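Everything numeric here is computed off the predicted structure, so don't read it as measured data. All values below were derived from every heavy atom in this structure, side-chain atoms included, with hydrogens, water molecules and symmetry-related copies excluded.
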Amino acid sequence: PWYGRAGRENNGHMAWPMVWPHLLHMRRSSEARLPRLVHAPSQVASTLRYVSEHALEAIVLMSGDGRIQGWNPRAEALFGWGATEVVGRQLADTIVPVRHRAAHRAGMARYQSTGTGRALDQPRELTALHRDGSELPIQLSITALDDRSGVVFVGFIRDLRDLHAAESAFRQSESRLRSLVESLPGIAYIDALGGIGRYASAQVESILGYTPEEWLADPQLWSRILHDDDRDRAQAQLAAGESSGGAFTYLYRLLARDGRTVWIRDQARVLSDERGNAEVHGIMFDVTGEMGAQAELELELAERRRMSESLRRLPAARPVEETAAAICGELTQLPHVDMAVVYEFAHDGSVVPIGQVTPARGPTRLGQPIPAERAAYLRESATGPWIDEWRPKDGDAAYQKAWHRLGLKVAAYVPFGSGDTVHGLLSFGSTTAIDTAEAARWLPAATQIAAIAGALLIPELGSRRAHDSTRTTLEQIIRT
């Protein structure tokens, strides 16, 4: 039967028969019951009535046979029944949920026959029945009184709906906050001063390879996995930040469980907990990618400076072919670049290689103009830097097919000149299958090289152009 099962409903509240009858049994004839009862004179009812009318909790009196004997204003408000309507009614028929009434009555009968109980004056949470049929959570504490006419049970009842609503709202708020914290792109943490962990979000495992439990169980873990080059500085910055009592940010490296070096930007603030103890609340952001990009940029800038300095050291009077060859050598220092050609835009409209780093079987020869169709394309396109993807297609000329046979996948072109005159073109490419976005990263360095190339080559190329132009004019005069 229901009465013999564990005395809690599915919602965690104590079942009615476990409270009113079964848990509150008293020995009715034994001396053992005397210390647990308050012996009151006959006027106890009037005294209780006065107290109950001013109580902040609902107070219900029940006789030994289960009938309601008292019902204060708070009980009226809580259950929806007026006192005149319920006094004399069976408690079970009034505020005990229907599904438990039979068990309640069985428990009362058992109390009448045994006179024993196990739990007086101990608050219990359970559900009660409102007049409209709805159930509400309550906290019930029962005291037994003896006014010589028999035992009267006094129930002090507290409405728990507001408390449960507040608890539910708190749990929802906590759940939303946890969800927000766990969606942050970093490790949220709370530490006592000195770095002893109190909380670490789940991201500590994905970023560093340690579970939150492992992170909190070892107070020295953070210090131990600090990069050797950063340990003293990071610990000193942490101590200074804690002493500041405010917000602070510092950068350091940690060694992940798998040996990776992880750059951390630690943004923290000193706050006080509910007892006034100072704590450090912060987020450790993984900025490894950012630092890697910064380091790569620094390396690229350094390489560009090196190439520029190398080219500037070339003597101005050096033959253009030697200068062009040196420029090609610098172009092949760019990532993935393995072929380079410097072209001169000659006075007669031809395009002539004057320096190159290409395989011997390549289609270009120093001093020999490239096919006119290709020359026209390069001249028309030379309004600024551009990139071409080299993909074989039907109708390719022999010149293009020769480059395909060399494995050329992508090439970049940067013109150089003075004023409105384009004197030549830097052409360089890769046999590695990279996309145009990757190839575009060549252009800043190549543009800088083109500026230097122009300064070194244009004087001689300009002189050639003027000489050729003069010769062409003279030849025309002679012919006429």
Side-chain angles (χ1 to χ4, degrees), residues 3 7-26 36-38 40 44-105 107-108 111 117-147 150-168:
Y3 190 77
R8 285 191 181 272
E9 302 182 56
N10 290 337
N11 57 13
H13 299 309
M14 291 295 293
W16 272 94
M18 299 298 289
V19 178
W20 281 107
H22 184 66
L23 293 178
L24 305 177
H25 300 340
M26 299 178 300
R36 303 183 65 186
L37 299 178
V38 177
V44 67
S46 61
T47 302
L48 286 175
R49 186 178 302 111
Y50 175 82
V51 173
S52 69
E53 287 175 356
H54 296 83
L56 298 178
E57 295 180 333
I59 299 178
V60 176
L61 277 67
M62 184 186 74
S63 63
D65 61 359
R67 294 186 180 277
I68 298 172
Q69 292 188 333
W71 191 265
N72 78 338
R74 292 292 294 176
E76 292 180 327
L78 179 60
F79 295 109
W81 293 95
T84 56
E85 297 176 285
V86 297
V87 170
R89 285 173 56 101
Q90 283 288 325
L91 183 85
D93 297 333
T94 308
I95 60 174
V96 176
V98 175
R99 65 185 180 279
H100 298 323
R101 288 178 184 173
H104 170 81
R105 293 190 175 98
M108 289 295 296
Y111 167 73
R118 297 192 299 269
L120 283 172
D121 302 316
Q122 296 186 22
R124 292 288 186 272
E125 289 191 17
L126 52 106
T127 54
L129 185 67
H130 190 273
R131 183 173 187 166
D132 64 8
S134 63
E135 294 185 7
L136 59 150
I138 64 169
Q139 184 183 70
L140 175 65
S141 179
I142 301 176
T143 296
L145 298 177
D146 185 2
D147 66 353
V151 175
V152 175
F153 297 105
V154 182
F156 299 90
I157 304 172
R158 179 186 176 195
D159 183 359
L160 296 181
R161 285 175 294 186
D162 289 345
L163 177 62
H164 284 193
E167 290 175 344
S168 176

Is it the case that more than 12 heavy atoms not belonging to D162 sit under 6.0 Å from its CG atom?
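Incorrect, the count does not exceed 12.
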How would you list all residue pairs meeting side chain to side chain donor-acceptor pair (under 3.5 Å) that involve residues 75-86, not counting sequence neighbours?
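For residues 75-86: E85-R131.
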Calculate, to the nearest 0.5 Å, the distance between atoms [atom1] and [atom2] belonging to [X] and [Y] respectively.
X: L160; Y: L140; atom1: CG; atom2: CG; value: 10.5 Å
X: R67; Y: M62; atom1: CZ; atom2: CE; value: 12.0 Å
X: E125; Y: L163; atom1: CD; atom2: CG; value: 7.5 Å
X: I95; Y: H130; atom1: CD1; atom2: NE2; value: 11.5 Å

Identify the two heavy atoms, one from L136 and one from L129, that lie closest to each other, and give their separation to 0.1 Å.
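So the two residues come closest at CD2-C, 4.1 Å.
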With distance as the sole test, does [X] use its side chain to make a donor-acceptor pair with the main-chain N or O of [Y] at under 3.5 Å?
X: R74; Y: L56; result: yes
X: R101; Y: V96; result: yes
X: N72; Y: A58; result: no

Which residue, T94, I157, V86, forms the side chain to side chain contact (heavy atoms under 4.5 Å, CB included) with F79?
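That would be I157; it is the only one of T94, I157, V86 passing the side chain to side chain contact (heavy atoms under 4.5 Å, CB included) with F79.
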The criterion is salt bridge (Lys or Arg N to Asp or Glu O under 4.0 Å); which residues satisfy it with R89, sequence neighbours excluded?
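Residues passing salt bridge (Lys or Arg N to Asp or Glu O under 4.0 Å) with R89: none at all.
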Test side chain to side chain contact (heavy atoms under 4.5 Å, CB included) on R161 and L78; report intermediate values, then the result.
CA-CA 11 Å; R161 285 175 294 186; L78 179 60; 3.7 Å; yes
Assess whether side chain to side chain contact (heavy atoms under 4.5 Å, CB included) is satisfied between Q69 and V152, documenting all intermediate values.
CA-CA 8 Å; Q69 292 188 333; V152 175; 3.4 Å; yes
Let's go through V60 and W71 carefully: what are the C-alpha distance in whole Å and the side-chain angles of both, what is the deciding distance for side chain to side chain contact (heavy atoms under 4.5 Å, CB included) to 0.1 Å, and is it a yes or a no?
CA-CA 5 Å; V60 176; W71 191 265; 3.7 Å; yes
